[in-house]
Amino acid sequence: MTGDIDRILITQDQIRQRIIELARQITADHSPPAVPRDGGLTLVPILTGAMIFAADLIRQMPVRMKIGLLAISSYPGSSVQTQGSQMLWQQIGDVRGRHVLLLDDILDSGGTLRLVRQRLMALAPASVKTCVLLRKPTDGARQTPVDYVGFDIPDEFVVGYGLDHNNDYRNLPDIVTLKRSIIG
Ligand code: IMP
Ligand code: MG
């Protein structure tokens, strides 16, 4: 598996450090008096890609929170370009009147966040904010405002730390690019 790596873009140490900063900022924004006591926070990682990011981020956030889950497919199989986002499954819970923070691994075309935000708004939350670990410099990303961004990266296909190619490589601890022979 590691033989398929072209180069390391972001190391696990850089990720760990940035997550501490993000968690500090998000915690401050979601603690009283920044947020009214009544609302309550629900974090919603977009599966499967945001799984590892969410696990690391929430353990740095000393805030009362509930977790909702939903799964989206946008890069079915071995495709390296979005085929349009589709909600596969959800278990978000009751978020009426609550503050929702959506977590995703990467912002590319923005299709995923647009779809999920639209579905969530129908559940009448008090607010919906968004946080992505990575952001690519695409037109779609520029047209999709997000509240928190971990790293801006070049427009390359990356895997590791939850991100996949054909559902492989999610367990790589660093964020890396793959050899051309692998992504075709
Ligand atoms: P968007 O809907 O085009 O913004 O893409 C967001 C989703 O596509 C992310 O949640 C990822 O699952 C997937 N994705 C986008 N770029 C990459 C990449 O470089 N590597 C792996 N997955 C990606
Ligand atoms: Mg994803």
Side-chain angles (χ1 to χ4, degrees), residues 1-12 14-15 18-19 22 26 42-58 67-92 100-121 128-184:
M1 181 178 70
T2 52
D4 299 346
I5 295 173
D6 174 36
R7 67 182 208 283
I8 296 181
L9 211 61
I10 307 173
T11 66
Q12 49 190 313
Q14 290 173 307
I15 298 170
R18 184 68 185 120
I19 281 181
L22 276 176
I26 297 169
T42 299
L43 249 90
V44 180
I46 300 176
L47 300 179
T48 305
M51 171 182 85
I52 295 173
F53 175 39
D56 283 347
L57 184 76
I58 64 177
I67 307 287
L69 295 175
L70 61 82
I72 294 278
S73 170
S74 49
Y75 283 42
S78 58
S79 50
V80 293
Q81 275 184 357
T82 184
Q83 307 293 308
S85 301
Q86 213 187 333
M87 172 116 53
L88 299 177
W89 169 88
Q90 70 159 63
Q91 192 173 320
I92 297 170
V100 173
L101 179 61
L102 280 171
L103 294 182
D104 207 359
D105 49 2
I106 187 164
L107 175 62
D108 184 4
S109 72
T112 301
L113 278 186
R114 269 196 302 278
L115 171 75
V116 174
R117 179 191 280 278
Q118 183 193 337
R119 295 293 179 92
L120 273 161
M121 291 313 277
V128 178
K129 284 192 181 179
T130 47
C131 172
V132 294
L133 179 64
L134 308 173
R135 178 170 62 187
K136 290 187 186 176
T138 63
D139 287 341
R142 270 187 288 275
Q143 287 157 18
T144 310
V146 285
D147 296 284
Y148 307 97
V149 178
F151 300 91
D152 281 296
I153 64 164
D155 193 1
E156 291 184 70
F157 192 79
V158 294
V159 298
Y161 199 74
L163 293 115
D164 73 302
H165 178 251
N166 201 15
N167 213 10
D168 287 323
Y169 308 107
R170 294 194 195 274
N171 55 319
L172 288 173
D174 307 300
I175 290 169
V176 306
T177 58
L178 292 173
K179 289 180 176 156
R180 288 216 167 270
S181 54
I182 306 292
I183 56 176

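Numbering of residues begins at 1 and proceeds along the displayed sequence. All ligand and atom numbering here is 1-based and tracks the order in the structure.
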Worksheet entry | Audit row: Thr48, Asp164, side-chain contact (heavy atoms from CB on, under 4.5 Å) steps and yes/no | CA-CA 9 Å; Thr48 305; Asp164 73 302; over 6 Å; no
Worksheet item: Going from CD1 on Ile46 to CG on Asp105, what distance comes out if it is rounded to the nearest 0.5 angstrom?
Response: 8.0 Å
Item to complete: Can you figure out which of Arg135, Lys136, Arg170 has its heavy atom closest to atom 17 (C) of ligand 1?
Response: Lys136
Worksheet entry | Side chain, backbone, both or neither: Ser74 near ligand 1, heavy atoms under 4.0 Å | side chain
Discussion item. Is it the case that ligand 1 has an N or O less than 3.5 angstrom from some N or O of Leu107?
Written reply: no
Practice prompt. Report yes or no: does Asp174 contribute a side-chain atom to a donor-acceptor pair with the main-chain N or O of Gln12 at less than 3.5 Å?
Written response: yes
Discussion item. Against ligand 1, does Glu156 come closer than 4.0 Å with any heavy atom?
Written reply: yes
Response to the item:
Closest to atom 9 (C) of ligand 1 by heavy-atom distance, out of Thr112, Ile46, Asp105, is Asp105
Item to complete: Before signing off on this row, confirm whether Val159 and ligand 1 have an N or O atom pair separated by under 3.5 Å.
Response: no
Worksheet item: Side chain of Arg18, backbone of Val149: donor and acceptor closer than 3.5 Å?
Response: yes
Worksheet item: What distance do Asp155 atom CG and Lys136 atom NZ have between them, rounded to the nearest 0.5 Å?
Response: 5.5 Å
Worksheet item: Can Gly49 be said to touch ligand 1, with heavy atoms closer than 4.0 Å?
Response: no
Fill in: Main-chain N/O of Asp108 paired with Thr138 side-chain donor or acceptor, under 3.5 Å
yes
Item to complete: Go through ligand 1 atom by atom and flag the ones less than 4.0 Å from a non-hydrogen atom of Gly110.
Response: 1 (P), 3 (O), 4 (O)
Discussion item. Heavy-atom distances under 4.0 Å decide this one: backbone, side chain, both or neither, for Ile72 against ligand 1?
Written reply: neither
Worksheet item: Relative to ligand 1, is Leu163 under 4.0 angstrom through side chain, backbone, both or neither, heavy atoms considered?
Response: side chain
Practice prompt. Answer yes when Lys179 and Asp4 have at least one side-chain N-carboxylate O distance shorter than 4.0 Å, and no when they do not.
Written response: no
Response to the item:
One should read off an interatomic distance between Thr130 OG1 and Asp104 CG, to the nearest 0.5 angstrom, of 10.0 Å
Practice prompt. Give a yes/no verdict on whether any heavy atom in Ile106 is under 4.0 Å from an atom of ligand 1.
Written response: yes
Item to complete: Find all atoms of ligand 1 within a distance of less than 4.0 Å from any non-hydrogen atom belonging to Asp164, and give their numbers and elements.
Response: 21 (C)
